[in-house]
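Beneath this line is the structure, given in structure tokens, with notes to follow.
Computed over heavy atoms, backbone and side chain alike; hydrogens, waters and symmetry mates excluded.
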Amino acid sequence: MRWTSTFIPTLKENPADAEIISHQLLVRAGLVRKLTGGLYTFLPMGLRALRKIEQIVREEMNRAGAIEVFMPALQPPDIWQQSGRYVSAREVLYKVRDRANKEWLLGPTHEEVITTLVAGEISSYRQLPRNFYQIQTKFRDEIRPRFGLMRAKEFIMKDAYSFDVSDEAAQASYQKMYDAYTRIFRRCGLRAMAVEADTGVIGGKFSHEFMVPAASGENEVVYCESGQYAANIEKAASRGPVIPTPQADSGAALEKFPTPGVVTIEALSRAPHHVAPHQQIKTLVYVVESKLALVLLRGDDQLNEAKLAGALGTNQLRPATADEIAPVLGAHPGSLGAIADTLKGEAASLPVYADEALRGAGGMTTGANEDGHHFRHVRIERDIRVTRWADLRTVQAGELCVASGQPLKVRRAIEVGHVFKLGTKYSEKLNALYLDESGTQHPCVMGCYGIGVTRTLQAVIEQSHDKDGIVWPLSVAPFEVCITPLSVAPNSPVMQCAERVYAALIEAGIEVILDDRDDRPGVKFKDADLVGFPLRVAVGEKSLARGEIEIKPRGGAVNPVKIESAVEAVRKWIETARAELGMGMAQSR
RNA sequence: CGGAGCGUAGCUCAGCCUGGCAGAGCACUUGGUUUGGGACCAAGACGUCGCAGGUUCAAAUCCUGUCGCUCCGACCA
């Protein structure tokens, strides 16, 4: 490819609407352009990189035995009604109407479609297991699209769905995908970690997210440096708070005391009260399936909504508003508590969910359900009627790892992949059933496995760049080599040499772009760095006079090489780099 | 959905407070000089100041509405 015959609109300045570095580089390097918020056009360099990732995904999925299909993006609402997600996923569903005013959905995912397919086509254990995948555009009405391709209204996803005869078989399918994902992200040059993920209301322990550590990530990951434990913060457990919960009990009776104007944990910890946060019981009020519930945590802990949802088996929950709370509890947020004697009337029957960290707590302080008052000397088993104990708190950095006993760390990360054991939720509702050897009917046991392809592209940039621009891993670079002749006059020795090298590299099966623009060298060098080609070959008069041209890896030093051996030197460099990323392995099978 | 900020040339932005000729840099066009890390000189072209309404002799500027973009929030009582 010649630079002048493609389209690479680079920018000197950062676009005003890009916040994070990968988004800025995506635009500056001429990979994408925004149509409007959350919708992007892929330009030639962006598209080439995207196709590289897709191809890696495809090769590894095929290798793992998955079968590629292509499903409609436009879907009928009735299968979503059938699965129950027409309601539960309504916030993210784009709906459109045809000329007859019939409603259609733009698919945010494809469980309903694939399960319908399998329901119609598979009826025997002899036809299982099967794993279907596709690489397709998904549509989601995101609450807030942001960070370029990271969270968009429309994005490309690889989604796979496995169908098995049993839990054990499904587990094997799951493991195959887990292994494939590990290989995929490694081949993309990404340092990704698999972490245990929240399984939501479905439960079970078979869910892992593949996370790329990055400060701009929207997820938080808890991990142990021993490598024995890593989990999404929504799921993470530990051996408990660093400061133990006070258990000592003086036998003192409950004592109400005035706390005018004190409505936060922090305020109560200051003068004149001096009650440390870990000696307080925080009382939250939630609306769970449209009924109020009290949630108790230690004052220095934070509720993990995913854990609450998991414990209660529903995701129909939200914090109650002050207007909903006051009439029932008789006080406003900041003075709330769960002391049995203070819960009058309707409040007395509210369920109380308490975090495990509060077990056995004594000498605690909590709100009195009377504005401007708190209780001290609270002993939880004596004073509070706990409906149910559960792990509800968010793990904090420094707590000890359940596996290794070492302190846990917390860092932000980008979720690029998710593997999930679904069970029979969809197969039951959409009748994906099979007959076993004895002629008995069972629902298929399903798994689903997603990779955000467009997000992965941006994650690569987020993880691999420097002050000059993108530093592509060879496997996903739009071109492997950029040849930069410092003069482009057709008959000049410089251009003629560049053309010869260009032709020879193409012949050698290397993806190469020739920067034939009639621009100053500085401009071309800057652009080559910005777009991030892994290897640059510069041809200039000075080095040519010595019979040399220059090879420079992105981010590395310039190496002069004799013209005769230049092509071989490039070939060797590329082959070594390809081998490091495990490229070509799939083809060799 | 709540809050905040921003919409002015293709891009990045100034001008708005305090109403009075539409601006700069980059990019673009032409000519010249340059040519190993985003050149220089000269001349030029480029605008529905997001849109609609209002106030005013006069609106990019003030007011109202609306649309769009960005950020924060939508647990931490």
Side-chain angles (χ1 to χ4, degrees), chain A residues 9-20 23-24 27-28 30 33-39 91 141 143-148 151 216 233-234 259 262-268 277 280-287 294-309 317-326 329 331-338 355 366-367 369 371 374 392-394 396 467-469 484-489 492 494 515 517-531 536 538-545 548-550 552 558 560:
Chain A
T10 57
L11 260 31
K12 275 189 203 177
E13 289 172 292
N14 273 327
D17 56 6
E19 196 72 12
I20 65 173
H23 184 194
Q24 293 170 350
V27 177
R28 277 193 63 205
R33 281 296 182 266
K34 181 170 77 176
L35 174 62
T36 183
L39 297 173
E91 286 94 351
D141 188 0
I143 196 167
R144 178 146 82 93
R146 58 173 147 184
F147 301 150
R151 186 168 292 281
S216 63
I233 196 147
E234 292 184 344
T259 51
V262 172
V263 294
T264 62
I265 300 288
E266 203 266 329
L268 195 57
Q280 302 183 34
I281 298 173
K282 182 192 304 199
T283 308
L284 308 179
V285 184
Y286 263 72
V287 178
L294 300 180
V295 179
L296 306 187
L297 294 161
R298 230 172 69 165
D300 57 340
D301 273 334
Q302 297 173 350
L303 174 66
N304 188 324
E305 262 189 27
K307 287 184 180 177
L308 181 61
L317 52 84
R318 61 170 177 85
T321 64
D323 292 343
E324 290 169 316
I325 295 170
L329 290 184
H332 292 85
S335 302
L336 304 179
D355 181 65
T366 194
N369 285 329
D371 285 349
H374 281 75
L392 300 173
R393 63 189 292 277
T394 302
Q396 298 179 36
K467 65 174 173 41
D468 295 314
T484 308
L486 300 189
S487 149
V488 295
S492 67
V494 166
D515 189 352
R517 292 177 299 171
D518 187 9
D519 258 310
R520 299 168 63 85
V523 173
K524 298 165 86 159
F525 288 148
K526 285 288 184 191
D527 272 352
D529 286 348
L530 178 58
V531 183
R536 189 185 78 200
V539 185
E541 253 176 66
K542 289 178 191 168
S543 54
L544 209 54
E548 293 171 345
I549 61 180
E550 291 164 359
K552 178 183 173 299
V558 171

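- Nearest to the side-chain atoms of A:Pro521 among the listed nucleotides B:C72, B:G36, B:U34 stands B:G36.
- Across all strands shown, B:U64 pairs with B:A52; the Watson-Crick or G-U wobble distances both stay below 3.5 Å.
- In this structure, B:U34 forms no base pair with any nucleotide, since neither Watson-Crick nor G-U wobble geometry is met with both distances under 3.5 Å.
- Atom-to-atom, CG of A:Leu308 to P of B:C75 comes out at 12 Å; the value is rounded to the nearest Å.
- The base of B:U34 sits within donor-acceptor range of the side chain of A:Arg520, with an N or O pair under 3.5 Å.
- Contacts of A:Val285 with the nucleic acid, taken as non-hydrogen atoms under 4.0 Å apart, include base atoms.
- Between A:Asp300 atom CG and B:A77 atom P there is a gap of 13 Å when expressed in whole angstrom units.
- Across all strands, A:Leu530 comes closer than 4.0 Å to base atoms (heavy-atom distances).
- Scanning both residues, A:Ala338 and A:Thr283, for their nearest heavy atoms gives N-OG1, 4.1 Å.
- Considering only side-chain N and O atoms, A:Arg144 lies under 4.0 angstrom from the phosphate OP1 or OP2 of B:C71.
- Base pairing analysis places B:C26 opposite B:G10; the two distances defining the Watson-Crick or G-U wobble pair are each below 3.5 Å.
- Mapping A:Glu19 and A:Ile265 onto RNA chain B by nearest heavy atom places A:Glu19 at the nucleotide closer to the 5' end.
- For A:Glu13 against B:G38, no side-chain N or O and base N or O form a donor-acceptor pair under 3.5 Å.
- Between A:Gly38 and A:Tyr286, the residue anchored nearer the 5' end of RNA chain B, judged by the nucleotide with its closest heavy atom, is A:Gly38.
- Atoms CD and CD, on A:Gln280 and A:Glu266 in that order, are 10.0 Å from each other to the nearest 0.5 Å.
- For A:Pro319, the listed nucleotide lying nearest its side chain is B:C75; candidates were B:C71, B:G36, B:C75.
- With A:Arg28 as reference, A:Asn14 is the one residue of A:Val531, A:Thr10, A:Asn14 to meet the side chain to side chain contact (heavy atoms under 4.5 Å, CB included) rule.
- Separating the P atom of B:G31 from that of B:C67 is a span of 49 Å, rounded to the nearest Å.
- Separation of the C1' atoms belonging to B:A60 and B:G47 is 11 Å when rounded to the nearest angstrom.
- Residue A:Arg146 has no polar side-chain atom (N or O) positioned under 4.0 Å from OP1 or OP2 of B:C69.
- A:Val523 comes within 4.0 angstrom of a base, heavy atoms only.
- Between the A:Lys307 side chain and the A:Thr394 main chain, no donor and acceptor come within less than 3.5 Å of each other.
- Among the protein residues, A:Arg298 comes within range of no part of the nucleic acid, since none of its heavy atoms lies under 4.0 Å from any strand.
- Relative to the side chain of A:Pro15, the nucleotides B:A77, B:U12, B:U70 differ in distance, and B:U12 lies closest.
- Comparing B:G37, B:A77, B:C26 by their closest approach to the side chain of A:Arg536 singles out B:G37.
- With A:Lys282 contributing its side chain and A:Ile265 its backbone, the two residues share no donor-acceptor pair below 3.5 Å.
- Following rounding to the nearest Å, A:Asp518 (CG) and B:U34 (C1') show an atom-to-atom distance of 12 Å.
- For A:Lys526, the side-chain atoms get nearest to B:G37 when compared with the rest of B:C11, B:G37, B:G36.
- Of the residues listed (A:Leu296, A:Leu284, A:Leu308, A:Asn304), the one engaging A:Leu392 in a side chain to side chain contact (heavy atoms under 4.5 Å, CB included) is A:Leu308, and it is the only one.
- Panel note: side chain A:Asn369, backbone A:Ala331; no donor-acceptor pair is recorded below 3.5 Å.
- Using N1 to N3 plus N6-O4 or O6-N4 for Watson-Crick, or N1-O2 and O6-N3 for G-U wobble, each under 3.5 Å, B:G47 pairs with nothing.
- The shortest side-chain heavy-atom distance between A:Pro319 and A:Glu305 falls under the 4.5 Å cut-off.
- Here B:C76 is the nucleotide among B:G25, B:C76, B:G38 with the atom lying nearest to any side-chain atom of A:Lys282.
- The separation of B:A4 from B:G37, taken at their C1' atoms, amounts to 41 Å, rounded to a whole angstrom.
- Atom P of B:G20 sits at a distance of 11 Å from the matching atom of B:A59, rounded to the whole Å.
- If you check B:A58 for Watson-Crick or wobble pairing at under 3.5 angstrom, you find it has no partner at all.
- Checking B:U34, B:C72, B:U70 against the side-chain heavy atoms of A:Lys34 singles out B:U70 as nearest.
- When all heavy atoms are compared, the tightest approach of A:Leu268 to A:Val262 is N-CG1, 3.7 Å.
- Residue contacts for A:Asp519: at a heavy-atom cut-off of 4.0 Å it reaches no nucleic acid atom on any strand shown.
- Residue contacts for A:Ala326: at a heavy-atom cut-off of 4.0 Å it reaches no nucleic acid atom on any strand shown.
- Nearest nucleotide to the A:Gln302 side chain, out of B:G36, B:U70, B:C75: B:C75.
- Here A:Gly334 lies in heavy-atom contact (under 4.0 Å) with sugar-phosphate atoms only.
- If you check every strand for non-hydrogen atoms under 4.0 Å, A:Asp527 touches a base.
- Residues A:Thr484 and A:Lys552 have side chains not in contact (no heavy-atom distance under 4.5 Å, counting atoms from C-beta outward).
- The separation between A:Ile281 atom CD1 and B:C76 atom P is 19 Å, rounded to whole Å.
- A:Phe147 has its CZ atom 11 Å from the C1' atom of B:C72, to the nearest Å.
- Summarising the geometry, the separation between CZ on A:Arg318 and P on B:C76 is reported as 13 Å, rounded to the nearest angstrom.
- Residue A:Ile325 is in base contact, counting any heavy-atom pair closer than 4.0 Å across all strands shown.
- B:C69 atom P lies 20 Å from atom CG of A:Asn14, rounded to whole Å.
- On the P atoms, B:G7 is 12 Å away from B:U12, given to the nearest whole Å.
- Taking every side-chain heavy atom of A:Thr36 into account, B:C69 is the closest of B:G36, B:A77, B:C69.
- Between B:C46 and B:A9, the distance separating the two P atoms is 15 Å to the nearest Å.
- Taking atom C1' in both B:A42 and B:U55, the straight-line distance is 46 Å, to the nearest Å.
- The side chain of A:Lys12 lies closest to B:A27, out of B:G36, B:U70, B:A27.
- Nucleotide B:U70: paired with B:A4 (Watson-Crick or G-U wobble, both distances less than 3.5 Å).
- For the pair A:His23 NE2 and B:U70 P, the interatomic distance rounds to 8 Å; values are reported in whole Å.
- Here the separation of B:G68 from B:U56, taken at their P atoms, is 31 Å to the nearest Å.
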